[in-house]
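Inspection log for the structure reproduced underneath, given as structure tokens.
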Amino acid sequence: MLDPKLVREKYEAVKKGLESRGYPLEFLDKYVQLDIKWRQQLQALENLKCERNKNAPEGKPSEEQLERLKVTANKIKVQNESLQLIEQQVREAALLMPNIPVEEVPFGESEEDNLEIKRYGGVPEFSFKPESHQELAERLGILDFESAAKVTGSRFVFGRSFGARMERALINFMLDVQTTDNSYQEILPPVVVNSKSMLGTGQLPKFAEDSFQLAGTDYWLSPTAEVQLTNMFRDMIIPEQDLPVNVTAGTTCFRKEAGTYGRDISGIIRQHQFNKVELVKLSKPEESSEQLEKLLADAESILKKLKLPYRVVLLCSGDLGFCSAKTYDIEVWFPSQDKYREISSCSSFLDFQARRAMIRYRKADGEVDYLHTLNGSGLAVGRTMAAIIENYQNEDGSINVPEALQGYMGVEIIK
RNA sequence: GGAGAGGUACCCAAGUGGCUGAAGGGGACGGUUUGCUAAACCGUUAGUGUUCGUAAGGGCAGCGAGGGUUCGAAUCCCUCCCUCUCCGCCA
């Protein structure tokens, strides 16, 4: 949620920011109108209540007094109903307004306009035509799409043998690195979350169709551990000296992938269920920009250790996620597709989520303010496995195990 | 799933319709005393949200959450959430 005061006082800046990401300005203006109306109605109600409180009788009121009190009470009731109506509208409008990009975010309309920041590792050269991870994995019998189609449906997969083992190895490896080298606290959260949490991190109300809701309940299958790790701190005031908070979790995530029919239909790039190691930071506002760089470096460190070639792009305004003010995507090289594909997304939300979820901090002088939230994948596990299979393939269809993973896998090669 | 008990401020806890935005205790903080510490005594201690205001400073809300009854609700009624105890079932 944007700071309502910011919208009131810096209208032009807000307008410019929202416009840059393609948000329809009539929605903004509608919100502004509602906000003005809401404040007027609020004042009216509060004046009535003030009057009531001033005239409150000490004990039992006389008949005459009672008559007057009833009149006021009725006025309050009517005014309150009118206020509630507008309040609901203004709240809804506010919850549907996206965050404003920070200054350094390049203007652009789509993926095409994202800014490449850096590349790491050369693109591997193969003396043969590299195969897709799906072809390789199915032949090796480590990924089983047929069973998944039968038991569940499309966009699900069974890992088998070293396919199952590598997924587990990667989760352990990633968590070990993040907890040991980069000092995150490891969390094992529920993967089922309630609507309030989904609202806090911005999955609701706008993106309900992207997640699975458990029938007849207020529960959702979490689409990302960002939801759990951020909402853990909902409605809390954290002492300044405890910041930054760094937490990580390896969880299973569930997404409907509505509207992606036909995209990435083969392989494990886009699944309804996947594992991800998530990194979440809570930061003092003045440090969040620096913390985003750290977060990015923490995510990158996994790819470096696995010796996978990647690049980092800074998302343009039009490609930013709803809550994000600034996002770096890390894209790993997929030889079979001859391109880089997203494997991590590292974002700073400023106080946007903190406002929704009421996550604040107390400064040394006692003042309380919203903190900044950040998160990033460190990394998407299935995609990492796919990238390893493709980048480490041999001509005979066997796959070398990256050195960093050999201890976790117990083998040097999968064949 | 069945039966019961609860949720009040940093913690414990009193409070069953107006004098309660809240007794009492603990803790914390400040002070008196003391060579220092402890003890004792005195004092302070709802943070917060929101709105009006350049500000100073007002207003309103707030006793798990949301509704309702009432001139008036921590207190009565309804729904929901959470915690605990016992029984049943279970990885």
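None of these values were measured; they are calculated from a predicted model. Residue numbering restarts at 1 for every chain, and letters A, B, ... go by the order of the sequence lines.
- B/G7 and B/G59 are spaced 31 Å apart, taking the C1' atom of each and rounding to whole Å.
- Atom pair A/M1:CE and B/G49:P shows a separation of 12 Å (rounding to whole Å applied).
- Position along RNA chain B of the nearest nucleotide to A/K54 versus A/E81 favours A/K54 as the more 5'-ward residue.
- Here the separation of B/G15 from B/G27, taken at their P atoms, is 23 Å to the nearest Å.
- Regarding contacts with the backbone of B/G53, every side-chain N or O of A/R39 stays at 4.0 angstrom or more from both OP1 and OP2.
- Between B/U51, B/U69, B/C71, one nucleotide has an atom nearer to the side chain of A/R8 than all others, and that is B/U51.
- Separating the CD atom of A/Q43 from the P atom of B/G53 is a distance of 8 Å, rounded to the nearest angstrom.
- Side-chain contact check for A/T373 and A/K281: no donor-acceptor pair (N or O, by modelled atom type) lies under 3.5 Å.
- When distances run from any side-chain atom of A/M358 to the nucleotides B/G72, B/U51, B/G49, the shortest one goes to B/G49.
- Nucleotides B/C60 and B/G53 have their C1' atoms positioned 15 Å apart, rounded to a whole Å.
- Aromatic rings from A/Y340 and A/F334 are positioned such that their centres are separated by 6.0 Å or more.
- Across all strands shown, A/K5 has heavy atoms under 4.0 Å from sugar-phosphate atoms exclusively, and none from any base.
- Under the 3.5 Å distance criterion, the side-chain polar atoms of A/T230 are matched with a main-chain donor or acceptor of A/E226.
- Within the 4.0 angstrom heavy-atom criterion, base atoms lie near A/L66.
- The side chain of A/Y370 approaches B/U50 more closely than any other nucleotide in the set B/U51, B/U50, B/C71.
- With a cut-off of 3.5 Å on both Watson-Crick or G-U wobble distances, the partner of B/C60 is given as B/G49.
- B/G30 is paired with B/C42 under the Watson-Crick or G-U wobble criterion, all donor-acceptor distances under 3.5 Å.
- When both distances must be under 3.5 Å, the Watson-Crick or G-U wobble mate of B/G17 does not exist.
- Each of B/C71, B/U50, B/G59 was ranked by its minimum atom distance to the side chain of A/L69; first place goes to B/C71.
- Along RNA chain B, the nucleotide nearest to A/R362 and the one nearest to A/P4 differ in position, and the one closer to the 5' end is contacted by A/R362.
- More than 12 heavy atoms of other residues, nucleotides or ligands lie within 6.0 Å of NZ in A/K304, so this atom counts as buried by the packing criterion.
- Here, B/A23 and B/G6 have their P atoms 23 Å apart, quoted to the whole Å.
- The P atoms of B/A28 and B/G68 are separated by 44 Å, rounded to the nearest whole Å.
- When the P atom of B/U51 is taken as reference, atom CD of A/Q40 falls 14 Å away, rounded to whole Å.
- A/V71 comes within 4.0 angstrom of no nucleic acid atom, judged by non-hydrogen atoms across all strands.
- Figure legend. B/U70 is base-paired to no nucleotide; pairs are counted as Watson-Crick or G-U wobble with both atom distances under 3.5 Å.
- Between the CG atom of A/L85 and the P atom of B/G67 there is a distance of 14 Å, rounded to whole Å.
- Note on A/R355: nothing from the nucleic acid sits closer than 4.0 angstrom, heavy atoms only.
- Side-chain atoms of A/I237 lie closest to B/G47 of the nucleotides B/C60, B/G49, B/G47.
- Using atom C1' as the reference point in both B/A91 and B/G4, the two lie 27 Å apart (nearest Å).
- Contact annotation: A/R360 reaches the phosphate of B/G49 (side-chain N/O to OP1 or OP2, under 4.0 Å).
- Using a distance-only test at 3.5 Å, with no hydrogens or angles considered, a donor-acceptor pair links the side chain of A/N231 to the main chain of A/S197.
- Per the geometry, CG belonging to A/N53 stands 16 Å off P belonging to B/G18, to the nearest Å.
- The neighbour count for A/E186 CD, taken as heavy atoms of other residues, nucleotides or ligands under 6.0 Å away, is above 12.
- The residue A/R68 sits apart from the nucleic acid: no heavy atom pair falls under 4.0 Å.
- Atom pair A/K49:NZ and B/C60:P shows a separation of 10 Å (rounding to whole Å applied).
- The side chain of A/V368 lies closest to B/U48, out of B/C60, B/G72, B/U48.
- At the heavy-atom level, A/N47 lies nowhere under 4.0 Å from the strands shown.
- For the C1' atoms, the distance from B/C63 to B/U20 is 11 Å, rounded to whole Å.
- Rounded to the nearest 0.5 Å, atoms CD (A/Q337) and NE2 (A/H133) are 8.0 Å apart.
- Residue A/Y219 places its side chain closer to B/C82 than to any other of B/C82, B/U51, B/A61.
- Side-chain contact check for A/T327 versus A/S345: some heavy-atom pair is nearer than 4.5 Å.
- With rounding to whole Å, A/L42 atom CG is found 12 Å from B/G49 atom C1'.
- Atom CG in A/N231 sits roughly 16 Å away from atom C1' in B/C81 (whole-Å rounding).
- Comparing the P positions of B/A38 and B/G31 gives an interatomic distance of 13 Å, to the nearest angstrom.
- Across all strands shown, B/C86 forms a Watson-Crick or G-U wobble pair, both distances under 3.5 Å, with B/G2.
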